[in-house]
Amino acid sequence: MSVHEEARARAETARKGGAPRYHEQAKGRGKLFCRQRIALLCDPDSFVEDGLLANALAADLPADGVVTGLGRVGGRPVAIMANDSTVKAGSWGTRTVEKILRVQETALRLRVPLVYLVDSAGARITDQVEMFPGRRHAGHIFFNQTRLSGLVPQVCVLLGPSAAGGAYIPAFCDVVIMVEGNASMYLGSPRMAEMVIGERVSLEEMGGARMHCTVSGCGDLLAKDEGEALALCRCYLGYLPGSCGELPPVTDARPPSPKRPVEAIVPENQNAPFDMNELLGALFDDVFPLKPLYAGEVITAFARLDGHPVGIVANQPRVKGGVLFVDSADKAARFIWLCDAFHLPLIFLADVPGFMIGTAVERAGIIRHGAKMIAAVSEASVPKLCVVVRKAYGAGLYAMSGPGFEPDCTLALPTASIAVMGPEAAVNAVYANKIAELPEGERAKFVAERRAEYGADIDLYRLASELVVDAVVPGDALREELVARLDLYAGREQPCARKKHAVHPV
Amino acid sequence: MASVRANMAGVVARVLVQPGDTVTAGQEVVIIESMKMEIPVEAEVGGKVTAVVAAAGAFVNEGDPLLELADS
């Protein structure tokens, strides 16, 4: 065998991954081999690998259980890390960790997005002294992730377990796409939970993909299989620049063709629910929701307007009346940080009765979570367009980037209503004693008169006259108005050599 | 047996079904009023309504049962 033949043979052996039985097991669970995953993620034949021969002298540790390198997605370079679950269940040894650190450093040096295809049992406990505690050991992965956060997009596609320390890789990414049935994320396994606290629970209940995408908020997108998860990853990256040093990629405009005009979608009765998604569909070229299954009372979505990527924060009156809760404030705050970090203009569509009240939410800290959202809105320096669709009451107005938060414009649909609170609640708050003193028969008339007065006080055209709103826009003219304004505000945002801020884990 | 539970604290404004009715998963069965908004509550699973636990006018907390359903 010539030296060149030896090189080919060694590479071929390493590319095969673990023993055939582990490939069979994975296949049985609907899992692809990590190299197939990379092929599905990247443009054809674009992947270039580093460290294929890591641990090549050990018989059973091809590539030391992780594939790292650079490829292209949609023509643009991305760095990739993919655990190989056929090699010691994708666990981390010394060289695994070193390879992950190096691909992170590559992303840092080249300023390209980093995609983590995670499917790993966690640390190799037998190797812990060489991979856990030191300067260039596992902890440094999370240090690097935090330094990369806000500088380049970081995406986790979770295709299997991410246990204990490994669970922090998704936690430090901007977005986590999980495959239902196979992805899981947990600090202590169900077996440990049973031993320590006597809890008997399934893995799916405790740390499964659906739980994380609907309850904990650790997951952003739930995919039915690996093909869908990787397609979602490509689609997600299509909205973002390669780093904070670029602006988002502009594509051809694709005007929507809604079934109904905007003016038919938004009901005039403030209290009646409607589906905000229908309005989004009528306004934007396309809509890509993030965390659609979590805290559905607020919609956070990437979208394109006339071909330009934007971030949407919209209240959803169809879910919990569009009232803001702890989780919805948290979801919105993180999304706003994400968009601001990567120069996506923010479009707020407000239809919000306010923040929820009551003991349950006070104990959960709704004030500090609401403050977090309002702080994110205040900090964001991208173009901000505030559209008051219907009501914007109380701190809801502030959280949705109302006039006090220096949006580039506050637009009102003719259905807009802006106030400290709605007419019914306001009359009760101001006149409760007076109403109680009145004879029963006079109360209804008194309340109706006060409500009418209140309505006149907050009349939309009075607010326009007082310059609270910058324009009142009929529903069917809203898209054109947004397109024109977004174009004019574009100069506000410039690429930056240094990151603005991390996409903070919240 | 399954319960339809309140998705938000508030007052039951209207119960859209009565005992004996058959409901399907995703059907709106109760309207709660909260924060001056009408909040539709959907049945998560289908079944036959055996009891209305919280009638119109009742205050409910998130998670409280509103209706009881039996497999139909």
Side-chain angles (χ1 to χ4, degrees), chain A residues 210 214-215 267 269-276 293 295-298 315-328 350-364 366 389-396 417 419-429 451 454-455, chain B residues 1-19 21-49 51-72:
Chain A
R210 181 163 285 277
T214 57
V215 180
N269 172 8
Q270 297 288 342
N271 304 346
F274 80 98
D275 187 358
M276 182 62 79
L293 303 177
E297 59 276 13
V298 70
N315 309 111
Q316 170 57 295
R318 187 77 186 70
V319 178
K320 295 185 173 180
V323 176
L324 288 165
F325 282 72
V326 166
D327 287 346
S328 29
D351 185 359
V352 56
F355 281 89
M356 188 58 189
I357 60 165
T359 312
V361 290
E362 296 295 354
R363 286 175 66 92
I366 192 152
V389 175
R390 289 198 304 177
K391 63 201 135 354
Y393 293 156
S417 171
V420 170
M421 57 181 84
E424 299 90 340
V427 170
N428 286 341
R451 282 186 189 172
Y454 187 86
Chain B
M1 278 288 284
S3 298
V4 174
R5 294 179 182 276
N7 51 6
M8 187 167 170
V11 179
V12 176
R14 298 192 293 283
V15 179
L16 308 177
V17 294
Q18 46 195 352
D21 288 358
T22 300
V23 301
T24 53
Q27 183 180 337
E28 280 182 19
V29 287
V30 176
I31 304 290
I32 289 177
E33 190 183 299
S34 180
M35 305 289 284
K36 298 294 165 194
M37 286 297 295
E38 292 181 0
I39 319 287
V41 182
E42 296 171 359
E44 285 186 12
V45 294
K48 190 177 224 180
V49 180
V52 174
V53 184
F59 280 98
V60 290
N61 274 315
E62 185 173 344
D64 283 356
L66 305 174
L67 303 175
E68 296 294 343
L69 302 180
D71 297 338
S72 61

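In the text below, chain A, chain B and the rest are named by the order of the sequence lines, each starting its count at 1.
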Let me confirm one number: the NZ-CG distance from B/K36 to A/N271, rounded to the nearest 0.5 Å. 8.5 Å
Could you tell me which portion of B/E62 (side chain, backbone, both or neither) has an atom closer than 4.5 angstrom to a non-hydrogen atom of chain A?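 Only the side chain of B/E62 comes within 4.5 Å of chain A.
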Using a cut-off of 6.0 Å, state whether more than 12 heavy atoms not belonging to B/E28 lie near its atom CD.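 It does: B/E28 CD has more than 12 such atoms within range.
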Around atom CG of B/L16, are there more than 12 heavy atoms from other residues, nucleotides or ligands closer than 6.0 Å?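 Yes, enclosed.
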Chain B heavy atoms under 4.5 Å from A/F325: which part of the residue, side chain, backbone, both or neither? side chain
A/M356 side chain near B/S34 side chain, heavy-atom distance below 4.5 Å: yes
Just so I know, are the side chains of B/M37 and A/K391 near enough to count as touching, which here means a heavy-atom distance under 4.5 Å?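 They are in contact (side-chain heavy atoms under 4.5 Å apart), so the answer is yes.
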What one should report as the nearest heavy-atom pair of A/K320 and B/I39 is C-CD1, 3.4 Å
